[in-house]
Amino acid sequence: MPDVLVLVDHDGERVHKSTYELLTAARRLGDPAAVVVGTPGTAARLKEALARHGATSVYAAESPEAGEFLSTPAVDALELAVREVSPAAVLVSATTDGKEVAGRLAARLDAGLLVDAVDLDSSGVATQVVFGGSYTVRSQVTHGLPVIAVRPGSFESEERPVEAGERQLALPPVDRAASARITARRAVLAGDRPELTEATVVVSGGRGVAGADGFKVVEELADALRGAVGASRAAVDAGYYPHQYQVGQTGKSVSPQLYIALGISGAIQHLAGMRTSKTIVAVNKDPEAPILELADYAVVGDLFAVAPQLAQEVAARREAG
Amino acid sequence: MNIVVLVKQVPDTAAERTLSEADHTLDRENADLVLDEINERAAEEALMLKETVGAEVTVVSMGPGSALDAIRKVLAMGADRGIHICDDRLRGTDVVTTAKVLAAAVRTVEDVDLVLAGNATTDGQASAVPAIVADLLGLPQLTHARELTVDAGRVRAEREAENGEATLDAPLPALVSVTEKINEPRYPSFKGIMAAKRKPVETVDLDDLFPDVDDTGLLVSRTHVMEAVPRPARAAGIRVTDDGSAGRRLVDYLIAQKLV
Ligand SMILES: Cc1cc2nc3c(=O)[nH]c(=O)nc-3n(C[C@H](O)[C@H](O)[C@H](O)COP(=O)(O)OP(=O)(O)OC[C@H]3O[C@@H](n4cnc5c(N)ncnc54)[C@H](O)[C@@H]3O)c2cc1C
């Protein structure tokens, strides 16, 4: 079987779940080979977890400055790996960073780029959902190597233990005139909550939450359901919740098992980011709110009454058994 | 300083967007076209730099005849000149070709210090074009910036991504893409709108941008859309009006659906 290169998302110590999903997706096309870009020693730390999820080889593209520059080391590493391995495809996660890496790689290789795949078949045909969930499109790379950015949460991560071989890739020195240096990082303070785009439950608040304090109600329900918190743009613009939690057309796209919208009217640009959720629950005191029209379960009511009651009830049922 | 701003005209997201039956490209005839709102913020950032450090601002857009409206809007906001890449052969181009063409247009501007773009457009959503343009031009990419400072030949940006925030630093020339949080774009004044009519806009096609290359190499389509199916509208489901017990009743539903 040909190799399929998978770019590993990690924080130096831990492989992100989206990478395990990529390894699952890669198996449809060939033998998954993982490319780890990081400081020396990173691949050795991550190898076992990658092998447990089916990576038959682990390519280590390591240098002391790998983490210091935005995207360029990853693009260089994948370019090197492609020239060495001649893979059947390259898969990256369709995150902010991943989409940029995929694009730059595709341009350098004159390869075919597919972004935001939610499914993939064994011939490399990718399914994408476009225009905020209004069309399902199936596309194929017809020229050059397929470089595919897969949307996090689209595949189940599976354990599939194998023996992984390890190989080194010699990263070229970073050209400082052509790369942005990362001089500081601030992790998103998500606490114990799952990452928004990876969460199986998302509870979002809108302008109806009426203030930063009001978002406690949203957070409490999210915590009771072990989910992530999202927000509408109106809530973000009003300063109720930080920008990185915005769901929608100009925010994040989420596709959880359960999406609960509290005090969100359901403007088309919000729907664009959550319409593909499996089950949608909406609480809105306006019976005419458009979101109630597409919710699987619509509650006409005050979110400050309904959400806390729901949170308590979930906790009580959990305790009971 | 020379700044190039990349802008795109997109269908208004408040209206229905459809794909043409024939080739699965955007049905522009039936769309209401506007200057993309994030690109508008990139333009605003360029104009603020023009006011603070002094700059000549060139606005570049690729698109059919109507894209001229988007260019004129940025000229009316205060940009100095425009380049309109207009060529029928570019209909339905993929992300990589789009970036190649934009990069070629940027190369026609002399001594560019800064290329500004939106971090995404509301239609394509690939969010990869600015990074590719940077790669093709050999510029550092400072993408997804919600704050930008240009000083003493360097550019600094606060980047916002799902895994956290980062401060980026690079020497000029560089490419910066901005998020919708970076500023509030100005409205063109009446004077600006009148002045825009006299500002130079150069129209170029692929032969101008790639005189030595035959377009078969450039325009080869690397991907093919095999099928585009409208997704069924979501039907309304259960509806209850809260009588004081909606939260409790909702739990039963969630349990029945195996969501709790
Ligand atoms: C180009 C573009 C891109 C955009 N991108 C996005 C995006 O990415 N994401 C996004 O969300 N929006 C986006 N928008 C904005 C979008 O059009 C809406 O303005 C926004 O989604 C509205 O947010 P909202 O539903 O929270 O607020 P509103 O529309 O003000 O709705 C608030 C709702 O809360 C209800 N409510 C009030 N109090 C209560 C209560 N106590 N209990 C229950 N319900 C209550 C009200 O009945 C109302 O329905 C974009 C707009 C444009 C033009």
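These numbers come from a predicted model, not from an experiment. Each chain gets a letter, A, B and so on, in the order its sequence line appears, and its residues count up from 1.
Counting only N and O atoms by type, the side chains of A:Arg104 and B:Gln141 include a donor and acceptor under 3.5 Å apart. No side-chain donor from either of B:Gln257 and A:Thr279 sits under 3.5 Å from a side-chain acceptor of the other. Judged purely by distance below 3.5 Å, without hydrogens or angles, the side chains of A:Thr96 and A:Glu100 never pair a donor atom with an acceptor atom. With hydrogens and angles left out, the side-chain atoms of A:Asp121 and A:Ser123 include a donor and acceptor closer than 3.5 Å.
Only the backbone of A:Ala111 comes within contact range of chain B, with heavy atoms under 4.5 Å apart. B:Leu254 touches chain A through its side chain: at least one heavy atom from C-beta onward sits under 4.5 Å away, while N, CA, C and O do not. Contact annotation for B:Ile255: only side-chain heavy atoms (C-beta onward) come within less than 4.5 Å of a heavy atom of chain A. At a 4.5 Å heavy-atom cutoff, the contact between A:Glu195 and chain B is made by side-chain atoms alone. Of the two parts of B:Arg249, the backbone and the side chain both hold a non-hydrogen atom closer than 4.5 Å to a non-hydrogen atom of chain A. B:Asp94 does not touch chain A: none of its heavy atoms, backbone or side chain, sits under 4.5 Å away. Of the atoms belonging to B:His144, it is side-chain heavy atoms, and not backbone ones, that fall under 4.5 Å from chain A. Neither the backbone nor the side chain of A:Pro146 comes within less than 4.5 Å of any heavy atom of chain B. Within the 4.5 angstrom heavy-atom criterion, only side-chain atoms of B:Ile38, from C-beta onward, approach chain A. For a residue to count as touching a neighbouring chain, one of its non-hydrogen atoms must lie under 4.5 Å from one of that chain's; by this rule B:Val95 touches chain A with the side chain only. In this structure, chain A has heavy atoms under 4.5 Å from both the backbone and the side chain of B:Ala246. Proximity to chain B (any heavy atom under 4.5 Å) is restricted, for A:Ala295, to the backbone atoms N, CA, C and O. Of the two parts of B:Leu136, only the side chain, counted from C-beta on, holds a non-hydrogen atom closer than 4.5 Å to a non-hydrogen atom of chain A.
You'll find the side chain of B:Val133 stays beyond 4.5 Å of the side chain of B:Thr98, heavy atoms only.
Taking a cutoff of 4.0 Å between a charged side-chain nitrogen and a carboxylate oxygen, A:Asp119 and A:Arg151 do not qualify as a salt bridge. The pair B:Glu45-B:Arg41 does not meet the salt-bridge criterion, since no charged nitrogen lies less than 4.0 angstrom from a carboxylate oxygen. Between A:Lys17 and A:Glu198 there is no salt bridge, since none of the side-chain N atoms of the basic residue sits less than 4.0 Å from a carboxylate O of the acidic one.
Note on A:Val75, A:Asp9, A:Thr276, A:Leu196: by heavy-atom pairs under 4.5 Å with chain B, the leading option is A:Thr276. With chain B as partner, the option from A:Leu294, A:Val283, A:Thr95, A:Leu70 having the largest number of non-hydrogen pairs under 4.5 angstrom is A:Leu70.
Within a 6.0 Å sphere centred on CZ of B:Arg156, heavy atoms belonging to other residues, nucleotides or ligands number 12 at most.
Identified under the side-chain hydrogen bond (donor to acceptor under 3.5 Å, both in side chains) test for residues 312-321 of chain A, with sequence neighbours left out: A:Glu313-A:Arg317, A:Arg317-B:Asp252.
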